[in-house]
Amino acid sequence: MRLVLLGFPGAGKGTQAKFIAAEYHIPHISTGDILRSAIQKTSELGKKVKNIVADGRLVPDDIMTTLIEDRLKQNDCQHGFLLDGFPRTLQQASALEGITKIEGVIDIELSEEAVIERLTGRRIHPASGRTYHLLYQPPRVQDKDDVTGEPLIQRPDDFEATIRQRLNVYQIQTSPLKAYYQHAPAICYMKINGAEPIPQVKEKIAQALTKLSHAREKID
Ligand code: AMP
């Protein structure tokens, strides 16, 4: 399965990606996670993108395309992958076509207001990536990770002003990808309502992917 996840930041892509990756035994490739880890390690890439990511702007297409091209060459991608956060512009989508053939696009839809509520309440444990939500999934002890007891943080790009900026960027630069993939030949575009509870969203995605697998088997 070679899949792309689309949807506003905060639509639930990361959560659903973990389920899909486990179910189909494919790597979950989150460009946001790759960039955050580069920033944490202060690598050359990290230094270049630090301010861009903190401001909620997009990293230049050429940097992102090279990063994905290198990542998709790795062995674990031989039998498929799930891209989360890439492509984010039409240029990235067209570059991706030159690298590999995408079979399915899962587009998780959610309103801007719901995204803001979700993201401003999000807290993370930086070392493990565990996420919490002040309202929906609070830690057992306020502001502390359940497993290690270490402090939780708010991602700098989860502050409300930055979220609004990220949503703006998404509307302008990424939302044209919906029409692009809806009309792309040989790509199955799956629209999913992200406002439902996590298990229901998971179930809808599983159903859509089962249909896609059956369609592939017929072609094979
Ligand atoms: P995410 O965790 O996917 O919301 O990504 C966090 C931030 O990383 C974004 O707000 C961008 O600054 C940057 N980023 C991630 N993926 C891309 C991409 N495909 N193109 C450009 N910038 C990206």
Side-chain angles (χ1 to χ4, degrees), residues 1-41 43 45-46 49 53 58-59 63-89 92-93 95-96 99-110 115 118-119 122-133 137 147 155 157-158 166 170 174 177 181 187-192 194 197-210 212-213 216:
M1 286 270 191
R2 292 182 299 276
L3 303 171
V4 163
L5 264 176
L6 282 184
F8 274 148
K13 298 193 297 295
T15 304
Q16 297 299 333
K18 289 193 181 76
F19 298 137
I20 301 166
E23 182 70 26
Y24 288 91
H25 310 287
I26 50 176
H28 165 209
I29 302 174
S30 155
T31 44
D33 284 350
I34 297 173
L35 296 175
R36 278 184 289 278
S37 143
I39 293 168
Q40 216 173 5
K41 289 186 204 138
S43 67
L45 171 68
V49 303
V53 172
L58 288 189
V59 172
I63 297 183
M64 294 312 299
T65 304
T66 309
L67 188 148
I68 280 295
E69 192 167 10
D70 290 347
R71 180 64 188 86
L72 293 182
K73 277 185 196 148
Q74 291 177 21
N75 273 345
D76 62 340
C77 297
Q78 263 176 7
H79 302 295
F81 49 79
L82 174 64
L83 293 180
D84 166 9
F86 186 97
R88 250 178 160 99
T89 63
Q92 291 180 13
L96 183 60
I99 300 171
T100 186
K101 207 171 147 308
I102 294 300
E103 295 166 284
V105 172
I106 302 164
D107 186 5
I108 306 183
E109 294 199 316
L110 192 67
V115 164
R118 281 190 189 180
L119 290 187
R122 182 158 75 174
R123 295 293 179 273
I124 60 166
H125 175 240
S128 67
R130 271 186 288 282
T131 58
Y132 299 85
H133 192 280
Q137 200 194 337
V147 178
R155 267 169 50 178
D157 56 347
D158 278 348
R166 287 163 71 199
Y170 190 95
T174 310
L177 291 179
Y181 281 126
I187 294 183
C188 174
Y189 172 85
M190 298 160 267
K191 195 183 335 188
I192 303 286
I198 292 172
Q200 269 93 312
V201 176
K202 180 182 167 193
E203 184 52 35
K204 297 271 166 62
I205 293 177
Q207 287 168 3
L209 288 177
T210 305
L212 175 60
S213 309
R216 283 169 93 214

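You'll find the side chain of Q16 stays beyond 4.5 Å of the side chain of I106, heavy atoms only. Side-chain contact check for H79 versus H25: every heavy-atom pair is 4.5 Å or farther apart. When side chains are defined from C-beta on, L58 does not count as touching M64, because their heavy atoms never get closer than 4.5 Å. Considering only heavy atoms from C-beta on, Y170 comes within 4.5 Å of L6 through its side chain. Using a 4.5 Å heavy-atom threshold, the side chains of M190 and L209 count as touching.
Taking both residues in full, the closest heavy atoms of R118 and A11 are given as NH1-O, 3.2 Å, listed atom of the first, atom of the second, then distance. The two residues G7 and K13 come nearest to each other via the heavy atoms O-NZ, 2.8 Å. Residue A38 comes nearest to L45 through the heavy atom pair CB-CD2, 3.9 Å, listed as atom of the first residue, atom of the second, then distance. Residues I20 and I26 come closest through the heavy atom pair O-CG1, 4.4 Å. The nearest pair of heavy atoms linking L72 to I29 is CD2-CD1, 3.8 Å. Heavy-atom minimum distance, P87 versus L96: CD-CD2, 3.9 Å.
D157 and R122 are not joined by a salt bridge, as no carboxylate oxygen comes within less than 4.0 angstrom of a charged side-chain nitrogen. Taking a cutoff of 4.0 Å between a charged side-chain nitrogen and a carboxylate oxygen, R71 and D76 qualify as a salt bridge.
The line from OG1 of T15 to CD of Q137 is 8.0 Å long, rounded to the nearest 0.5 Å. Between atom CZ of residue F81 and atom CD1 of residue I102 there is a gap of 4.0 Å, rounded to the nearest 0.5 Å. With values rounded to the nearest 0.5 angstrom, T65 atom OG1 is found 11.0 Å from D70 atom CG. Here the CD1 atom belonging to I124 is positioned 11.0 Å from the OH atom belonging to Y132, to the nearest 0.5 angstrom. Put simply, CG on L3 and CG on L82 are 5.5 Å apart, with the number rounded to the nearest 0.5 Å. The CZ atom of R123 lies 12.0 Å from the OG1 atom of T131; values are rounded to the nearest 0.5 Å.
If you run side chain to side chain contact (heavy atoms under 4.5 Å, CB included) between L5 and each of L83, D84, D107, only D84 comes through.
Between Y189 and Y181, a ring centre-to-centre spacing not shorter than 6.0 Å is recorded.
No side-chain donor-acceptor contact under 3.5 Å links K41 to the backbone of G46. Judged purely by atom type and a 3.5 angstrom limit, R2 has no side-chain atom pairing as donor or acceptor with the backbone of E103.
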Got a list of side-chain donor-acceptor pairs under 3.5 Å for residues 197-208, not counting sequence neighbours?
residue: E203; atom: OE2; partner: Q207; partner atom: NE2; Å: 3.4
residue: K204; atom: NZ; partner: E196; partner atom: OE1; Å: 3.3
residue: K204; atom: NZ; partner: E196; partner atom: OE2; Å: 3.1

